[in-house]
Amino acid sequence: MEASSIYTGPVFEMARKQFETVADMLDIPAPERTRIFMPKRTLAVSCPIQHDDGSVVVYQGYRVQHHLTLGPAKGGTRFAPNVDVGEVAALAIWMSWKCALAGLPYGGAKGGVAVDPRALSPRELETLSRRYMQEMLPFVGPHTDVMAPDMGTNEQVMAWFMDTYSMNQGKTVLEIVTGKPVDNGGTVGRREATGRGVAYLIGRAAETIGLKINGSTAIVQGFGNVGSVAAVTLQAMGVTVVGVSDHTCAYYDPKGLDVAKLEAHVRRTGVLEGYSKEGLFDASELLVQPCDILVPAAIERVINGKNADKLQCRILAEAANGPTTPEADAILRNRPEIYVIPDILCNAGGVIVSYFEWVQDLQQLFWDETEVNDRLHKTLERSYQAVSTLIEKRSLSARDAALSIGVERVLNAKRKRGLFP
Ligand code: GLU
């Protein structure tokens, strides 16, 4: 594949390694690998905004569209300090495999702005969100590229994106972004969808390995939208949540934490810090504590060559994108006692319900929450079974099985469409 490109860095290399492993398995010829793997196009923008103190700060933003073969590109926009184009490209590539595995008519995309959103005032955040969307106008569209929330963005940011796009069009275009507030053409169940999907698949994995979910224990790293909803849903399924963490601190109690109280605290203050003086724990040690279910729901590469052999869980549910490095994968291949639910399967609930939101917006016909959740579970079940069948039939790791289904679907679509012109 291409030796040099603008896409560099450890996260991009991770996506490349995963792809190469699967491309070898699928016997994809070399020139075709480049065509499938390298992103179709990328827009890099400078977003100048005026801060409340009068100073002007210029933030760097990106949007990567990995492919447009199956329909519009689809994926979230991340506001985080270390965002760079290589990371955004990797996340866009993972969105492609994720959408294809779920059978959605989308290619993958991702966007990002290198900013710490917590350091901005509400007005500064709104100005940056609007400016970023303004810069993206020539690049996105409801049938070209549909944005959604990701780390550091939320329903409010999506409402500003939608408003900015709509004001430029002279009409309301709900279907330009998903993950909007329900008051603004969002769908019921989207905010909870990723966490609910994670919990549903944990339930299925527990059945597969014969783990009784009621009375089992879980540790959740990351207490944002995904981690907190996963924790609440797991607790409702009878799971005892013994550990949680976010970027501020970690809590661990083998007897169990009160997830509802933790969630209320985070809703009030934005962070776990300050919840209690008891149960504080070394965040870097949390992942290797004993539990039945380990849920990394934060950032990339937290399970790596250094800690993969120390994990003490039975199910590793990858709610984050890219939490496990290829080095860790190699170690986990020799630890069959740990059942991995790979990210592109595990956290697909978010983009699946985003797809439902887009469909509802296009049709101007809105569903109730039961319909959203039933369809979500049905879609996840189909993917889970496809992955499980392949694991058994070809003795693959769960990641290789999931990726090979996603990659092969994109490959087949590209082959059948042929080259233009
Ligand atoms: N950012 C989420 C993800 O990584 C959701 C994307 C979407 O809903 O389009 O899957």
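In each ligand, atom 1 is the first atom listed, and ligand 1 is the first ligand listed. Counting begins at 1 with the first residue of the sequence.
Counting all heavy atoms, side chain and backbone alike, Asp400 lies closest to Val22 at O-CG2, 4.0 Å.
Remark: Thr240 pairs with no residue by the side chain to side chain donor-acceptor pair (under 3.5 Å) rule, at least two apart or across chains. Residues forming a salt bridge (Lys or Arg N to Asp or Glu O under 4.0 Å) with Lys414 (at least two apart in sequence, or on another chain): none. The side chain to side chain contact (heavy atoms under 4.5 Å, CB included) test applied to Arg314 returns Ile209, Leu211, Asp292, not counting sequence neighbours.
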If you look at each N/O of ligand 1, which protein N/O atoms lie under 3.5 Å away, and at what distance?
| from | atom 1 | to | atom 2 | distance (Å) |
| --- | --- | --- | --- | --- |
| ligand 1 | 1 (N) | Pro149 | O | 2.9 |
| ligand 1 | 1 (N) | Asp150 | OD1 | 2.7 |
| ligand 1 | 4 (O) | Lys98 | NZ | 3.2 |
| ligand 1 | 4 (O) | Lys110 | NZ | 2.9 |
| ligand 1 | 4 (O) | Asp150 | OD1 | 3.4 |
| ligand 1 | 4 (O) | Asn321 | ND2 | 3.0 |
| ligand 1 | 8 (O) | Arg190 | NH2 | 3.1 |
| ligand 1 | 8 (O) | Ser354 | OG | 2.5 |
| ligand 1 | 9 (O) | Lys74 | NZ | 2.8 |
| ligand 1 | 10 (O) | Lys98 | NZ | 2.6 |

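Ion pair Glu327/Arg333 not flagged as a salt bridge, since none of the NZ, NE, NH1 or NH2 atoms sits closer than 4.0 Å to an Asp/Glu carboxylate oxygen.
Paired with Ile352 under the rule side-chain contact (heavy atoms from CB on, under 4.5 Å), one option of Asn347, Leu380, Thr194 passes, and it is Leu380.
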